[in-house]
Amino acid sequence: SIYYTLDNSTPDSTSTLYASPITLTQTTTVKAIAYASGFNPSVVSSATYTFPTPVANIAAFKAAGAADNSQTYRITGDVTVFAQKASNNLYLQDATGGLVLYESGNTLNFQTGDVFQGTLIGTYTTYQNLPEFIPQGTLTAVPGGTVTPVVATASQIMSNFEQYAYNLITLENCIILQEAAFTPGS
């Protein structure tokens, strides 16, 4: 007979008897012990089943993010690719903001307009003090999305850079007087 607990306590013969599959709906640690007549009890086995925390969109992901990469999130809304840099960075946007997805395995192969339809699962980290999405599992997207650029002035961007970071932007009321080199973070 197998007995188990779901509250992180150590199971014994007075715990819940395993008689049918266990349904889990949130992150849970299952501990179990086996008893058989004429034998000593087994060692306690333990497994933690992790469910990602659902967030509706990019803004909610940024607001919920734990920069230590300790929590897994699932962005449940549609998120669209608007650019890919090399084979490990995707630039994503939805109606609430922009985000960079970083895949260290250099295995990304998506196109502008590909849409992740609630399929983004991963963790939050920062790169150069900006939010970054680190995917977990297989990434799947469908073609057919569009990204509408955020319209902003240089003054708006400079006064609230984090709001505009990683967004596709149409810059208004801007005159380029001469060619210049761009230095990130300056």
For Ala152, all residues meeting side-chain contact (heavy atoms from CB on, under 4.5 Å), sequence neighbours excluded: Gln156, Ile157, Tyr164, Ile169
Report, one line per pair, each donor and acceptor closer than 3.5 Å where one atom sits in a side chain of residues 130-149; sequence neighbours left out.
| from | atom 1 | to | atom 2 | distance (Å) |
| --- | --- | --- | --- | --- |
| Gln136 | OE1 | Thr72 | OG1 | 3.4 |

Side chain Lys62, main chain Gly98, donor-acceptor under 3.5 Å: yes
Partners meeting side chain to side chain donor-acceptor pair (under 3.5 Å) with Asp12 (sequence neighbours left out): Thr14
Atom pair CG/OG of Asp7 and Ser15 - distance to nearest 0.5 Å: 8.0 Å
Ser159: partners by side chain to side chain donor-acceptor pair (under 3.5 Å), with sequence neighbours left out: none
List, one per line, each side-chain donor-acceptor pair under 3.5 Å for residues 43-51, sequence neighbours excluded.
| from | atom 1 | to | atom 2 | distance (Å) |
| --- | --- | --- | --- | --- |
| Thr48 | OG1 | Thr29 | OG1 | 2.9 |

Ring center gap for Tyr35 and Tyr3 short of 6.0 angstrom: yes
same_hphob_cluster(Tyr166, Phe61) at 4.5 Å side-chain heavy-atom cutoff: no
Short side-chain to backbone donor-acceptor contact, Lys31 and Thr10, under 3.5 Å: no
Non-neighbouring partners of Thr76 that pass side-chain contact (heavy atoms from CB on, under 4.5 Å), sequence neighbours left out: Pro54, Ala56, Arg74
CZ-CG distance between Phe110 and Leu92, expressed to the nearest 0.5 angstrom: 9.5 Å
